[in-house]
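Following: one structure in structure tokens, then a few remarks.
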Amino acid sequence: MTELRVHGVSGTPPAGTLNHPHPRLVAGDGTTGFYRRWWAGGRPAGDHPDVPNARRREAYAWGGLTSGGRTIALWLLLLPFSLANLAYFMLPRPRGGRRLRHVTEGAQRLFALLLTGTLVGAVTRASVDLVGWQCTAAGRACTHDGAPAWVRWLGTLWGDEPSKRLAVTSLVPLLLVVLLWWIARRTWRRDERTVVPPPGASGGGRALELAGPLLARARLWHGGAPVWRLRVVHVAFSIAAIGLAVSAPFAGTAAGLALTVANAGVQLAAAVLVVLPWIARRLDPHSGDRIPAWLTLACHALRVAAPVVFLATFWSALSGMSPGGAGRPLGAVARQLPGVGIGAFQFALTLALGLFILVTTCLLARMDRTRGEPGAPRAMGGVAAWFVLMIAAGSANVLALGVLFWTATFFGVPGTSATPGPPERRLFLDDPVWWTAALVPVLVAGLLAVALVLNLIRRAKARALAPDLAPFYGERDAATVARTWAFASLTDRAGLVLAVLTGIGVAGFAVVTVIYQLRLYTPDGGVAGLLASLGSWAMTAVIVALALLGRRTYRDPRLRRTVGILWDVATFWPRAIHPLSPPCYTERVIPELVARVGKLAGTERDEVVLSGHSQGSVIVAALVPQLGPELRARVRLLTHGSPLRRLYAAYFPAYFGAPGLGAVRESVPWYNLYRLSDPIGGPVFGRVDPLALGPEREDGVDRFCWDPIRPGPGEPLPEARWHSDYWLEPAYDEALTRLITIEPAA
């Protein structure tokens, strides 16, 4: 019997997972590996967890995928991309709504492409517009003696030749795109090309029919080809956006117009490809299915066209082009970088897509509710996908505007289009940028209000719990335990927080859009000007804080583990619609676990207890459907601190709803340990604690653990363990023993 432990978030080291100071690597490598205890004093015997030829304890360490490498410091800027991927997997998947879902998924992929354009466009505007077009022009801020020498030379050499300045400054966003491409390609080659073993090999493969739960489909964890295609599209779109910023100011000339059309054509081709269903379709690696050859050819053509058009644009600009054609004096050059309306079109397209996705998601959620199981948890009425997508857009805009305001503050003084007088040290930003900045203080105020409401809810919950806990903890300690349990219960209000903040953001954005379009006010004075100024400083502070945090994360392994908690949750899901987000570790973890379990339970005399804590419980629950029937008969499941029902079934019901978790329960014997002091974990199928009431009470899978442990007479109240140390619970050993002795599943 092998007790195979899979740790949760924060990259718990093998010594902690095994509860032993001397772990020994027996399979895998330093990134992901299987460890066992090493005994310096010889072979243990008796009731010990490790007895040769009888039982052993093994740990699977996968934290190196999310908190081991130094490049995690760069992942902090990719949060909007990860949220876009999460939104895809939150989308309802009702029977009979396949066509509508495919249309919605295409809209989500296009929205994700525009998110890439938002961040790359922000760096492009900061470099090409604020520095190349404005700051280094003759007589502007970067040409003075106090300006940094590494930009002043542009104004000295080409103060009256803007095309050459734009060519040089366009290399900055190009470098960013190359960096994103390199990181995405590196992790793609390392993780996402690992194939789940075929049927009959180590007992893995397509264990259940395609009509069964989505978690049983091997193609879910096989994204090598679709991620490559999406990466080509996003990179080509980004490169063309940079080229368009360089060529658009010179569209009045024949060469400038041709280059502008060519760059816009590359962007249009990328947008068309990204909405096609085949571009992101995942195929079973063992089915022999293939995608259309023309799609691969189109991706290769786009892969070549984007850099070729950019090189032509770069060379033409570096050779010199006139801003407005023959006869237009250089003094007539605009304060801000001229364009051809592409930015306004993309903005309008983003708004239209957001509205369209809201409508279609609501329709899918309604169809899903009509056939859903009674009592099945669905966060935010089944439309959580849209809310998370809006959070992704909001965070992308905060990062984008932060880059713009930081650049304008570093090189000069940020100004609006209505700022009077000569430019001098002013670097001008569009009015929509200032109006968006004005929303930041409103969102902060909304966040504070939500925090206040949550605190009131916590206090009311604690007051209600205290009398019920008095018989178990006594009058003296009941209030303390009630506060602990009440605080942990706030996790169930996560949907409310997301809904309120998203509602405030969307409503505020609609208001400022109307104000801007109707020209009712300008963001350069009064309350609007004050809010815009506060927002600009706040977003500048966000960028500075992220830079400092990234620097510390790069140097400090312990901080990398802490930051890695975010990616442990966000990157469980594959890169389904955004290929430049941090990589999915599960596409490597699931195949490795399938192969390892097949080796450990290779005969009828062997069995494996999969023990998953926190995020590890989600991993092992996703692993079970990938095992063959013969192998599942030799596998048991023990989860603890599990967010399967509380978070995953609520926000990802298509994958971890009642059908998915029910299939796991029917496949293998299963026990789940939970505490009411745990803010993350909880019961999977129903509460069985002494305070549970009504028909929700069950006793098949879930096991309640007291926390804090009830003290004896005259003893002090022990400290609460919250989400950690489930291995040390007496209930853990009891559940493990019961799993070993029960009959194998049919």
Side-chain angles (χ1 to χ4, degrees), residues 80 82-112 115 211-215 217 220 275 277 280 350-394 491-507 509-510 569-570 572-574 576-578 618 643-663 682 684-685:
S82 286
L83 293 176
N85 274 321
L86 287 180
Y88 171 83
F89 289 98
M90 292 178 179
L91 196 67
R93 300 172 66 96
R95 296 189 184 95
R98 183 178 179 181
R99 291 185 178 179
L100 180 60
R101 177 172 55 82
H102 284 172
V103 172
T104 307
E105 290 171 352
Q108 284 185 320
R109 289 193 298 271
L110 183 56
F111 195 94
L115 285 182
L214 296 176
L215 289 175
R217 303 182 183 182
L220 178 63
V275 299
T350 302
L351 292 181
L353 282 173
L355 181 60
F356 176 78
I357 294 172
L358 173 61
V359 173
T360 56
T361 303
C362 289
L363 292 175
L364 290 171
R366 181 177 178 84
M367 296 170 63
D368 198 35
R369 284 194 296 270
T370 57
R371 70 163 188 86
E373 301 79 5
R378 284 179 174 82
M380 308 172 76
V383 294
W386 182 80
F387 284 96
V388 172
L389 199 62
M390 292 302 102
I391 296 292
T491 304
D492 300 323
R493 309 283 180 173
L496 173 65
V497 175
L498 286 177
V500 171
L501 293 181
T502 305
I504 293 174
V506 172
F509 190 77
V569 178
F572 170 84
W573 296 103
I577 64 173
H578 208 299
V618 183
L644 278 170
R645 177 184 174 93
R646 198 172 195 178
L647 297 178
Y648 280 81
Y651 288 92
F652 309 99
Y655 295 86
F656 287 99
L661 294 179
V684 177
F685 296 101

Self-check item: Leu661 vs Tyr648, side chain to side chain contact (heavy atoms under 4.5 Å, CB included): CA-CA, chis, key distance, verdict
Solution: CA-CA 10 Å; Leu661 294 179; Tyr648 280 81; over 6 Å; no

Quiz item: Hey, what's the ring geometry for Phe652 with Trp573, parallel, tilted or perpendicular (30° and 60° as the breaks)?
Solution: tilted

Please find the pair of heavy atoms, one from [X] and one from [Y], that lie closest to each other, and give the distance.
X: Ala365; Y: Gly382; result: CB-O, 3.8 Å
X: Gly97; Y: Leu364; result: O-CD2, 3.8 Å
X: Ala280; Y: Ala576; result: CB-O, 3.7 Å
X: Arg101; Y: Pro92; result: CD-O, 3.8 Å
X: Ala654; Y: Arg93; result: CB-CD, 3.5 Å
X: Leu115; Y: Ala84; result: CD1-CB, 4.0 Å

Quiz item: Quick one: ring-ring contact (aromatic ring centres under 6.0 Å, His included) partners of Phe387, sequence neighbours excluded?
Solution: none

Just so I know, are the side chains of [X] and [Y] near enough to count as touching, which here means a heavy-atom distance under 4.5 Å?
X: Thr502; Y: Trp386; value: yes
X: Phe111; Y: His578; value: no
X: Asn85; Y: Ile577; value: yes

Quiz prompt | Gap between atom CZ of Arg646 and atom OH of Tyr651 - 0.5 Å precision | solution = 11.0 Å

Practice problem: Evaluate the criterion side chain to side chain contact (heavy atoms under 4.5 Å, CB included) for residue pair Glu105 and Tyr88; output intermediate values, then yes/no. | Solution: CA-CA 7 Å; Glu105 290 171 352; Tyr88 171 83; 3.5 Å; yes

Can you give each donor-acceptor pair under 3.5 Å made by side-chain atoms of residues 351-363, sequence neighbours left out, with the distance rounded to 0.1 Å?
| from | atom 1 | to | atom 2 | distance (Å) |
| --- | --- | --- | --- | --- |
| Thr360 | OG1 | Thr104 | OG1 | 3.1 |
| Thr360 | OG1 | Phe356 | O | 3.1 |
| Thr360 | OG1 | Ile357 | O | 3.2 |
| Thr361 | OG1 | Ile357 | O | 2.6 |

